[in-house]
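Below is one structure, written out as structure tokens; comments come after it.
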Amino acid sequence: MVRVQRLTGELTPKSVVASPSGPVFAQNMMYTHTVSAFTADGALHKTISDAVDLSDFGVKGHPGTSKGAPVEMAFSPDGKTAWVSNYSMYGRGFEPEGKDACVGPEGISDSYLYKIDTASLKITDVVRVGAVPKYVAATHDGSKVLVTNWCSMDMDVVDTKTNKVTETIQLPGKHPRGIAISPDDKVAYVAIMGSDETVKVDLGSGEVVDFADTGDGPRHLLVSPDGSRLYVSNNGSGTVSEVDAATGKTLREAKVGSQPRSMAISPDGGALYIGNYASSTVSKIATKDFEVVQTEQTDGLPIGITYEPTKKRVWVASYGGSIVVFDDSHAA
């Protein structure tokens, strides 16, 4: 990896996600109340406000302008839609801001998932989900979007034709976060960050079973392109685990930096990239031998990471208000 760019401005990114065709979205959470849309070469295309009038979408009880707090997002497989989770909502009829501790004297309101058209870069619909939604994942066939709700401790399944929640799946343990979906869309793996395990969810029946125990605080999940391997970042253990996607057995483990958070994978599955939050570094793992082959300094508190496929670049978003871009066009 060779550092080629540093992006700054009105950024407080919680996550950064690249589409299959080049556009990259950074979610600026409650501090800035925007989504920043970039081109693949790092040019800011548009800043999308998270302010909405929910009555425009048929939602009652929240008159006037409401604001969100963009956390994570997922592109549809064709790249035409971006689905953005909002940590909390701000406006009339909403309780005080949600908290990771999931406690408050007045409770925590349910939040909303935004649907953004990537051509117009406008919010075209909203979907009510649970309390403090975090990770978002789209199925490979584009029919469903899955959302983990940190404080509801469940997962909502959204039908992308109706833009409605069709099922809410209860999850064991506290604070579900990362989601990875098998290539055939039959199974979702969900990291239960507060209970140190990853569960497997049958997307047909909704059945949830214990699957893997890889370390302290599993946070982010990825599936290999062929579906045979699951990769888990263990925030408390400072490791990344490779798990057999059929059996849940841990096959290999790599020690990375302190508090590994988000991960990205190259399209060929040859390399993993991990943002180490407390170390302010990014690690690259070659999946062939599962060794850390490179570690580079980032800006402080790297929290989001993505692989942009058209230019073969790794974008690392930091809470301090910047995105550092590395060229990795010679990745394995």
Side-chain angles (χ1 to χ4, degrees), residues 1-29 31-50 70-85 114 116-123 136 138 220 222 257 261-268 270-277 279-284 294-332:
M1 295 183 292
V2 178
R3 180 169 166 164
V4 294
Q5 208 166 18
R6 182 174 184 266
L7 310 176
T8 58
E10 297 298 317
L11 294 173
T12 52
K14 176 70 171 180
S15 66
V16 61
V17 182
S19 80
S21 56
V24 181
F25 281 21
Q27 287 56 248
N28 292 310
M29 216 167 156
Y31 313 110
T32 308
H33 287 292
T34 61
V35 172
S36 299
F38 294 92
T39 61
D41 60 6
L44 179 63
H45 182 44
K46 185 177 180 180
T47 299
I48 306 167
S49 171
D50 69 9
V71 183
E72 299 274 3
M73 65 83 58
F75 285 100
S76 60
D78 60 11
K80 294 181 179 180
T81 301
W83 299 90
V84 178
S85 60
Y114 287 173
I116 298 177
D117 182 282
T118 58
S120 67
L121 296 177
K122 294 181 178 179
I123 299 168
V136 187
H220 196 127
L222 295 170
R261 299 284 176 95
S262 297
M263 301 187 294
I265 189 169
S266 60
D268 65 0
L272 297 175
Y273 310 88
I274 303 94
N276 302 304
Y277 185 76
S279 298
S280 297
T281 59
V282 57
S283 297
K284 176 182 174 181
Q294 189 176 3
T295 298
E296 294 292 332
Q297 202 71 29
T298 65
D299 287 351
L301 307 179
I303 191 71
I305 190 168
T306 193
Y307 185 96
E308 196 290 297
T310 68
K311 293 187 176 295
K312 299 181 179 180
R313 291 181 174 180
V314 179
W315 294 46
V316 184
S318 295
Y319 251 156
S322 64
I323 299 172
V324 176
V325 183
F326 295 88
D327 176 73
D328 202 30
S329 56
H330 301 293

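Atom set for the values below is all heavy atoms of this structure, side chains included, hydrogens, waters and symmetry mates excluded.
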Say you draw a straight line from [atom1] of [X] to [atom2] of [Y]; how long is it, rounded to the nearest 0.5 Å?
X	Y	atom1	atom2	answer
Ser19	Asp78	OG	CG	10.0 Å
Thr39	Lys46	OG1	NZ	15.0 Å
Leu44	Thr47	CG	OG1	4.5 Å
His33	Ile48	NE2	CD1	15.5 Å

(request) Report yes or no: does Thr12 contribute a side-chain atom to a donor-acceptor pair with the main-chain N or O of Tyr31 at less than 3.5 Å? (result) no

(request) Could you tell me whether a side-chain N or O of Ser266 sits under 3.5 Å from a main-chain N or O of Ala271, the two making a donor and an acceptor? (result) yes

(request) State which residue, out of Leu272, Asp328, Ile274, fulfils the side chain to side chain contact (heavy atoms under 4.5 Å, CB included) condition with Lys284. (result) Asp328

(request) Please say which of Val71, Thr34, Asp50, Val84 ends up in a side chain to side chain contact (heavy atoms under 4.5 Å, CB included) with Gln27. (result) Val84

Are [X] and [Y] close enough that some pair of their side-chain heavy atoms sits under 4.5 Å apart?
X	Y	result
Val316	Phe326	yes
Ile265	Tyr273	no
Ser15	Pro13	no
Val324	Arg3	yes
Met1	Asp327	no
Thr32	Leu11	no

Taking only distance into account, with no hydrogens and no angle test, what donor-acceptor pairs under 3.5 Å do side-chain atoms of residues 296-305 form with protein atoms, sequence neighbours excluded?
{"residue": "Glu296", "atom": "OE2", "partner": "Gln294", "partner atom": "NE2", "Å": "2.8"}
{"residue": "Gln297", "atom": "NE2", "partner": "Ser280", "partner atom": "O", "Å": "3.0"}
{"residue": "Thr298", "atom": "OG1", "partner": "Ser280", "partner atom": "O", "Å": "3.2"}
{"residue": "Asp299", "atom": "OD2", "partner": "Arg6", "partner atom": "NE", "Å": "2.7"}
{"residue": "Asp299", "atom": "OD2", "partner": "Arg6", "partner atom": "NH2", "Å": "3.1"}
{"residue": "Asp299", "atom": "OD2", "partner": "Ser322", "partner atom": "OG", "Å": "2.4"}

I need the minimum non-hydrogen distance between [X] and [Y], along with the two atoms involved.
X	Y	value
Ser283	Gly257	OG-N, 4.3 Å
Ala317	Val16	CB-CG1, 3.8 Å
Pro20	Gly79	CD-CA, 4.3 Å
Glu72	Val136	O-CG2, 4.0 Å
Gln5	Gly42	NE2-CA, 3.9 Å

(request) Determine, stepwise, if the pair Tyr319 / Lys14 fulfils side chain to side chain contact (heavy atoms under 4.5 Å, CB included). (result) CA-CA 6 Å; Tyr319 251 156; Lys14 176 70 171 180; 3.2 Å; yes

(request) I would like to know whether Lys80 and Asp117 meet salt bridge (Lys or Arg N to Asp or Glu O under 4.0 Å); could you show each step before the answer? (result) CA-CA 6 Å; Lys80 294 181 179 180; Asp117 182 282; over 6 Å; no

(message) Just checking Phe75 against Phe25, ring centres under 6.0 Å apart?
(response) yes

(message) Counting only heavy atoms not in Glu10 (residues, nucleotides, ligands), do more than 12 fall under 6.0 Å from its CD?
(response) no

(message) Would Thr306 and Glu308 count as a side-chain hydrogen bond (donor to acceptor under 3.5 Å, both in side chains) here? Give the steps.
(response) CA-CA 6 Å; Thr306 193; Glu308 196 290 297; over 6 Å; no

(request) Test Val282 against Thr295 for side chain to side chain contact (heavy atoms under 4.5 Å, CB included), laying out the working first. (result) CA-CA 6 Å; Val282 57; Thr295 298; over 6 Å; no

(message) side chain to side chain contact (heavy atoms under 4.5 Å, CB included) for Ser36 and Asn28? Distances and angles first, verdict last.
(response) CA-CA 7 Å; Ser36 299; Asn28 292 310; 3.0 Å; yes

(message) Could you work out, with side-chain contact (heavy atoms from CB on, under 4.5 Å) as the rule, every residue matching Pro267, not counting sequence neighbours?
(response) Tyr307, Pro309

(message) Is there a side chain to side chain contact (heavy atoms under 4.5 Å, CB included) between Phe38 and Leu7? Walk through the geometry before answering.
(response) CA-CA 10 Å; Phe38 294 92; Leu7 310 176; 3.9 Å; yes

